[in-house]
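These notes are about the structure you will find just below.
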Amino acid sequence: MLEVQLLRSDLQAVAKRLADRGYVFPVAEFEKLEAARKAVQTGTQELQARRNQLSKQVGQLKARKEDASQLMAEVSAQADRLKALEQELEAVQVRLNEFLRGIPNVPHASVPAGKSSADNPEMRKVGTPRAFNFTVKDHVDVGEGLGLLDFATASKLSGARFSVMKAGIAQLHRALAQFMLDVHTREHGYTEVYVPYLVTGECADGVSSLAKFKDDLFKVEGRDLYLIPTAEYPVTNFVRDQIIPGEKLPLKFVCHSPCFRSEAGSYGKDTRGIIRQHQFDKVELVQIGHPQKSYELLEQLTTHAEVVLKKLELPYRVVTLCTGDMGFAAAKTYDIEVWLPGQQAYREISSCSNFEAFQARRMQARFRNEKGKTEFVHTLNGSALAVGRTLIAVLENYQNADGSVAVPEALRPYMGGMTAIKAS
């Protein structure tokens, strides 16, 4: 949620920057709410001043043992009016907060302006795509050719956008998640956590706008519970309604979980294979940091995600999302895109974002600074990595001419020493 003082002090500049991300700020609606708030506050201040004046006069009359009943009646009437104004001000504040919760975050000054992913500048490219001496298959043909990736059975069980993995591919999927957790806990200092796969609407609204994006979530019928679209939802809410000692920052968590998304609005996109499914796994990194250090943490978190790809020897690149391609809550985002030879393209495998105080303000997540005062923390998160998409990258980049798939050296200890996945 945006800081209201930012809008009050520089509304036009904020509106212009939000326009860069394709959002038309409702200036008239904000000004109407502000006018209502100011009117109530002015009325309250005038009444308080009048009540104080009357109370003083009542005291003077009583000191002289004169009749003060008329003034006392007016003081009582003022108290009733003040109570009504306080309730009116509270109602205006509720409307203002609801308004603010629907406004996206303001892009950081370093975020390039642009309209779509075509405008995302490449920051770096790591690794060289493998040169194949045979016709390359995509992950669907590789997996089905091995008899270990089964979409027909998944469709019978659950419908479209689900998959069944078997034997070596199921083992590879599990190995990837365990490998990622070990890298981040042993080498990068994250605390592993296990979380519920269901969160309340309050938790969902703490990290994003539930009102805007509830159609993207799966809801439990008759309950205020939603299946998580990412472990960011429960893990970031660890600090909701808390004041954290400043010396404890940054907090660093890693979590492996299934993720569930309705994929509303994505019909017809990535319908082949496991690129975009209703259920998938991710290993998620979450950091809760000091505002003055959050952009250092963003660079660090992004490199932590990159380490996994380097260890797996998968070619990738890092791009900065332009204003028009950013998520609702992000102030700045790097996308890591892995090379998929079956598509002859780089595809997103991780998004690493700094949300600054946007989520913290929604969640009332604060820390106590060196002066003993409370400030909002900054929150960050990133996939490290999306397990299913990493599986795709391994199947395609490590495929062999005979249809088998070589197991990356880093994963062999997690696969019982297996060097290749072959048809069962």
In plain terms, say whether [X] and [Y] are close enough for a salt bridge, that is, a side-chain N and a carboxylate O under 4.0 Å apart.
{"X": "Lys311", "Y": "Glu187", "answer": "yes"}
{"X": "Arg272", "Y": "Asp141", "answer": "yes"}
{"X": "Arg161", "Y": "Glu263", "answer": "no"}
{"X": "Lys32", "Y": "Glu29", "answer": "no"}

Can you give me the closest heavy-atom contact between [X] and [Y], atom names plus distance?
{"X": "Val377", "Y": "Ala360", "result": "O-CB, 3.2 Å"}
{"X": "Leu210", "Y": "Ala204", "result": "CD1-CB, 4.1 Å"}
{"X": "Ser208", "Y": "Phe213", "result": "OG-CD1, 3.3 Å"}
{"X": "Tyr316", "Y": "Glu306", "result": "OH-OE1, 2.6 Å"}
{"X": "Leu7", "Y": "Leu2", "result": "CD2-CD1, 4.3 Å"}
{"X": "Phe367", "Y": "Gly246", "result": "CD1-CA, 4.0 Å"}

Got a donor-acceptor contact below 3.5 angstrom from the [X] side chain to the [Y] backbone?
{"X": "Lys252", "Y": "His188", "result": "yes"}
{"X": "His184", "Y": "Ala384", "result": "yes"}
{"X": "Arg362", "Y": "Arg101", "result": "yes"}
{"X": "Ser155", "Y": "Ala160", "result": "no"}
{"X": "Gln364", "Y": "Arg361", "result": "yes"}
{"X": "Asn397", "Y": "Arg130", "result": "no"}
{"X": "Arg317", "Y": "Glu337", "result": "no"}
{"X": "Ser9", "Y": "Leu6", "result": "yes"}
{"X": "His108", "Y": "Ser110", "result": "yes"}
{"X": "Ser262", "Y": "Asp215", "result": "yes"}

Taking the side chain as every heavy atom from C-beta outward, state whether [X] and [Y] have any atom pair closer than 4.5 Å.
{"X": "Phe358", "Y": "Thr379", "answer": "no"}
{"X": "Asn354", "Y": "Leu297", "answer": "no"}
{"X": "His256", "Y": "Met180", "answer": "no"}
{"X": "Asn105", "Y": "Met326", "answer": "no"}
{"X": "Thr390", "Y": "Ile349", "answer": "yes"}
{"X": "Gln399", "Y": "Leu395", "answer": "no"}
{"X": "Arg21", "Y": "Val111", "answer": "no"}
{"X": "Glu284", "Y": "Phe253", "answer": "no"}

Salt bridge (charged side-chain N to carboxylate O under 4.0 Å, His left out) between Glu34 and Arg37, worked out
CA-CA 5 Å; Glu34 279 291 276; Arg37 178 189 62 83; 2.8 Å; yes
Under 3.5 Å side-chain donor-acceptor pair for [X] and [Y]:
{"X": "Glu232", "Y": "Gln359", "answer": "yes"}
{"X": "Glu192", "Y": "Thr185", "answer": "no"}
{"X": "Gln178", "Y": "Asp182", "answer": "yes"}
{"X": "Ser163", "Y": "Gln277", "answer": "yes"}

When Asp325 is tested against each of Thr320, Asn120, Thr333 for side-chain hydrogen bond (donor to acceptor under 3.5 Å, both in side chains), which residue passes?
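The single option meeting the side-chain hydrogen bond (donor to acceptor under 3.5 Å, both in side chains) with Asp325 is Asn120.
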Pairwise distance [atom1]([X]) to [atom2]([Y]) - rounded to 0.5 angstrom:
{"X": "Glu86", "Y": "Leu89", "atom1": "CD", "atom2": "CG", "result": "8.5 Å"}
{"X": "Ile392", "Y": "Leu314", "atom1": "CD1", "atom2": "CG", "result": "12.0 Å"}
{"X": "Leu146", "Y": "Ile421", "atom1": "CG", "atom2": "CD1", "result": "7.5 Å"}
{"X": "Met165", "Y": "Leu149", "atom1": "CE", "atom2": "CG", "result": "6.5 Å"}

List in chain and number order the residues that pass side chain to side chain contact (heavy atoms under 4.5 Å, CB included) with Ala386, two or more places apart in sequence or in another chain; answer none if no residue qualifies.
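Ala386 satisfies side chain to side chain contact (heavy atoms under 4.5 Å, CB included) with Lys282, Arg389 once adjacent residues are dropped.
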By side chain to side chain contact (heavy atoms under 4.5 Å, CB included) - contacts of Ala406 (at least two apart):
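By the side chain to side chain contact (heavy atoms under 4.5 Å, CB included) rule, Ala406 matches Tyr398, Asn400.
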Listed once per pair and sorted, the ring-ring contact (aromatic ring centres under 6.0 Å, His included) pairs that draw on residues 136-176, sequence neighbours left out
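As it turns out, the ring-ring contact (aromatic ring centres under 6.0 Å, His included) pairs with a partner in residues 136-176, which skip direct neighbours, are Phe162-His278.
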